[in-house]
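I have placed the structure first, in the form of structure tokens, so that the comments after it can refer back to it.
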Amino acid sequence: MMLEFQDVSFRYPSDSYSMMEHLHFSVEEGSFVSIIGPSGCGKSTLFRLINGLEQPQSGQITVKGVPISKLKSYAGFMPQKDLLFPWRTVEENICLPMELQKADRAAKEEACKKVLQQVGLTGIEKKYPSELSGGMRQRVSFARTLLTGADMLLLDEPFSALDFFTRIEMQEWLLHQWEQMKKTILFITHDVEEALFLSKTVYVISKPCPFSSLERIDIPLAYPRDRSALEQPEIIHLKEELIQKLRKEAVE
Ligand SMILES: Nc1ncnc2c1ncn2[C@@H]1O[C@H](COP(=O)(O)OP(=O)(O)O)[C@@H](O)[C@H]1O
Ligand SMILES: [Mg+2]
């Protein structure tokens, strides 16, 4: 198992209520898992726990069976906003994780070139973030996440700020990346169609706080996928079901 939450309970110190209690869930190695739930329900908090930025009051989080407190560089994180430094070129931005690991210059340039090629962006090494489109910036941000070398990628609503057509393009691009890389991806979204199109498994945060389980839905589609798969009756049915679930939770 790539990731396991075992009996995890968590409350922000400033809050009077628990966000999750005795939460169990797991993510298989190499899979593409989306976490979907209404805004404010604790999705990003799950990532903060996985990253070790917050500590659970009880329970354990393991990666490949090892408690995360004993691990380093096990997860690459990509936030909604690209967080590229505007005064650094693409290359300097991408190499940041390697810089922190004190890699030498030649190794950095080589790795940067390779990863840019991989994400479909050659020849923009010397450009600044302000010279790129929103979709390109997210690809650069993704490339930087890849360079952490982690087998598990945590993507927190990475496409939600993009316009509709760019978003669709980026979803197709991401699936292609995932099929090539064979890494494990955890993907937070509140977009039902996005979750259905991308994921092998969707976890729904199915109750208002505190939640103790995530509802698991395995998507009955093979890879590679294209958008026409979203028109299959079974998927349309699943989509309606998910929308109903999320709406119900939003008003309760
Ligand atoms: N650093 C923090 N300190 C205290 N409370 C927080 C912090 N981050 C988030 N919260 C609270 O936790 C709740 C869930 O936040 P979050 O995990 O960001 O939700 P989501 O990503 O699902 O929108 C929010 O309502 C917020 O009040
Ligand atoms: Mg969030």
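When a ligand or atom number is given, it counts from 1 through the structure's own listing order. In this chain, numbering begins with 1 at the start of the sequence shown. Hydrogens, waters and symmetry mates are skipped; everything else that's a heavy atom, side chains included, is used.
- Heavy atoms of Gly37 come nearer than 4.0 angstrom to ligand 1 in no pair at all.
- Per-atom contact check: atom 27 (O) of ligand 1 does not touch the protein, criterion being a heavy-atom distance below 4.0 Å.
- Although no hydrogens or angles enter the test, the distance criterion places a donor-acceptor pair under 3.5 Å between the side chain of Glu131 and the main chain of Tyr128.
- One side chain, Glu21 or Ser18, offers a donor N or O that lies under 3.5 Å from an acceptor on the other.
- Taking 2.8 Å as the limit, the number of protein N, O or S atoms around the Mg ion (ligand 2) is 1.
- Applying the 4.5 Å side-chain rule to ILVMFWY residues, one finds that Met1 remains a lone member of its cluster.
- In terms of protein heavy-atom proximity, atom 2 (C) of ligand 1 is nearest to Tyr12 CE2, 3.3 Å.
- Distances from ligand 1 to the non-hydrogen atoms of Glu157 include no value under 4.0 Å.
- Lys70 meets the side chain to side chain contact (heavy atoms under 4.5 Å, CB included) test with Val66, Pro67; sequence neighbours excluded.
- Under 4.0 Å is where a charged nitrogen must lie from a carboxylate oxygen, and between Arg227 and Glu193 at least one such pair does.
- Atom 13 (C) of ligand 1 has as its closest protein heavy atom Met19 CE, 3.3 Å.
- Closest to atom 18 (O) of ligand 1, if we only count protein heavy atoms, is Ser44 CB, 3.6 Å.
- A salt bridge does not link Lys126 with Glu92: none of the charged nitrogens is closer than 4.0 Å to a carboxylate oxygen.
- For the pair Lys108 and Glu91, the salt-bridge criterion is not met [side-chain N within less than 4.0 Å of a carboxylate O].
- For the pair Lys182 and Asp151, the salt-bridge criterion is not met [side-chain N within less than 4.0 Å of a carboxylate O].
- Regarding atom 23 (O) of ligand 1, its nearest protein heavy-atom neighbour is Gly40 N, 2.7 Å.
- Given atom 16 (P) of ligand 1, the protein heavy atom at minimum distance is Thr45 OG1, 3.7 Å.
- Partners of Asp7 under the side chain to side chain donor-acceptor pair (under 3.5 Å) rule, at least two apart in sequence or in another chain, are His22.
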